[in-house]
Amino acid sequence: MLSMVTGTVKDLKPAMAQALSVYRYNIFVEKMGWPLECQEGNEQDAFDREDTLYVVAHDNNNDVCGCARLLPTHKPYLLGEVFPELMEGAALPHSSDIWELSRFALSTPKNKVLTAAQSWQNNIALMSKVIETASARGARRLIAFSGVANERLLKRAGLNIHRISKPHLIDEKPVVAFWIEIDNQTRSALGLH
Amino acid sequence: MSLLAPDHFIRMSYKEFSNVAFYQYMAWMDTDLVEELHSLGIEAVSAGFCEWASTTHLPSISIGWTWFRQSSIGSPYLAPGGISTNLMLRCATGYDLGPRATEELLISWLSRQNWQSGIPITL
C-alpha cells in the first residue's frame, strides 16, 4: 500500500524533497535515459519553483516510489517553454485553471513483487491523487505530454483524455501531448467523488 | 471544413473526414503490450502501435491504435484499447457526436483501410 504526500517543496519535509530529487534522477536520467541537464544524482530543473506542486508516493520506509509535478499554465511550464512543437501550432494554454502534469513516474517499492493488478491499482492511486491535488487548486483540466503507451493506459483506465496532435519523436521515442479533463468521467474512472 | 476549438479537437463531419488523405506516420513494436495482451488471454507473439496522420491540416488529424499478431506471419489485428485521436466528428447540424461515436466510426473506417501492410514483421 502506497502513501502519498502533496504540496510545494516547502510543504514536503526536507528529507522527502531530497529523496524526490534522487528518485527523479534514478528514474528519468538513469532508467529512462532522458538527457536532462542536472546535477549528478539529483534531478531538478527550472520548473521546480517555490510554487510548484508535487505528488510523492512512498512506501512504509519513506522510500519514494512515485512522483508527479503540477504547474499552472499561466506561469512558465515545460511543454510551453521547451516542447511547444508538440502542439503543432495549436495555441498553448495560459490559464490558472489549466495545469500541466509532468515528471509522472511510478515504480515497484523496494523488495516488493507486485502483480499486474497491484501495479495498475498503484497507477490509479497516484493519478487519483494528482487529480485531487490539481482540482483543489482550481484546475479544470490538465495538459500533459508523455509516451504514447501512457496515453493509452490512461484512456484504458477510463479517464476523459484526448490528444492534441500527432506524436513526435523526442530522444527517439514517440511522445504525444494530450488533455486530461477533470470532469465526472475522469473522477468516476478514478473512484473520486 | 474543420474548426479548431479551445479544446483542440479538430471537428468535421464523417463525410468531410472521409475525403481526408492519411499516411502511416509511425508503427513500432512494444514488448510491454505483448505482456498486457497475454494477461488478457490473447496469445500475441508480437504487438505494437500504429499512427496515421493527415497529409493536410495543421495540427494534423492524428489517429493511433494498437495491434497484435497471433503468429509471426499472420495478419495483424486491432488490439483492445480503442483509437486515440484529436478528431471529433459532428452531425449534419454541427453538434459533436461525442468521443464514443467518433471512435466507433473511426474503427469502422479503419476496417476498410489497408493499415495491416505497414505493420512491422518479426522473423
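Naming convention: chains lettered A, B, ... in sequence-line order (proteins, then strands); numbering from 1 in each chain. All values reported here derive from a predicted model rather than from experimental measurement.
Contact annotation for Arg156(A): only side-chain heavy atoms (C-beta onward) come within less than 4.5 Å of a heavy atom of chain B. In this structure, chain A has no heavy atom under 4.5 Å from any part of Glu35(B). For Ala117(A), no part lies near chain B; criterion is any non-hydrogen pair under 4.5 Å. In this structure, chain A has a heavy atom under 4.5 Å from the side chain of Trp28(B), while its backbone stays farther away. If you measure heavy-atom distances from Leu153(A) to chain B, the contacts under 4.5 Å come from the side chain alone.
Options Pro99(B), Gly81(B), Ser84(B) differ in how many heavy-atom pairs under 4.5 Å they form with chain A, and the most are formed by Ser84(B). In terms of heavy-atom pairs under 4.5 Å with chain B, the best-connected choice from Pro167(A), Pro174(A), Ser165(A) is Pro167(A). Per-residue counts of heavy-atom pairs under 4.5 Å with chain A were compared for Ile61(B), Asp30(B), Leu33(B), Thr66(B); the largest is that of Thr66(B).
Atoms OH and NZ, on Tyr23(A) and Lys31(A) in that order, are 7.5 Å from each other to the nearest 0.5 Å. Going from atom CG of Leu154(A) over to atom CG of Asn160(A) covers 11.5 Å, rounded to the nearest 0.5 Å. In this structure, the separation between OG1 on Thr115(A) and CD on Gln121(A) is 7.0 Å, given to the nearest 0.5 Å.
Salt bridge annotation for Lys173(A)-Asp171(A): absent, with no cationic side-chain nitrogen under 4.0 angstrom from a carboxylate oxygen. Salt bridge annotation for Arg100(B)-Glu103(B): absent, with no cationic side-chain nitrogen under 4.0 angstrom from a carboxylate oxygen.
Under a hydrophobic-cluster definition in which Ile, Leu, Val, Met, Phe, Trp and Tyr are linked whenever side-chain heavy atoms come within less than 4.5 Å, directly or via other members, Leu190(A) and Phe104(A) are assigned to the same cluster.
The number of heavy atoms from other shown groups lying within 6.0 Å of CG (Asn184(A)) does not exceed 12.
Under the 6.0 Å cut-off for aromatic ring centres, Trp115(B) and Trp65(B) qualify, their centroids lying closer than that.
For Glu43(A), the salt bridge (charged side-chain N to carboxylate O under 4.0 Å, His left out) partners two or more places apart in sequence, or in a different chain, are Arg24(A), Arg103(A).
Ring geometry, Tyr14(B) versus Phe17(B): the interplanar angle falls from 30° to 60°, so the pair is classed tilted.
Annotation: residues 68-88 of chain A contacts chain B through Met87(A), Glu88(A) [non-hydrogen atoms, separation under 4.5 Å].
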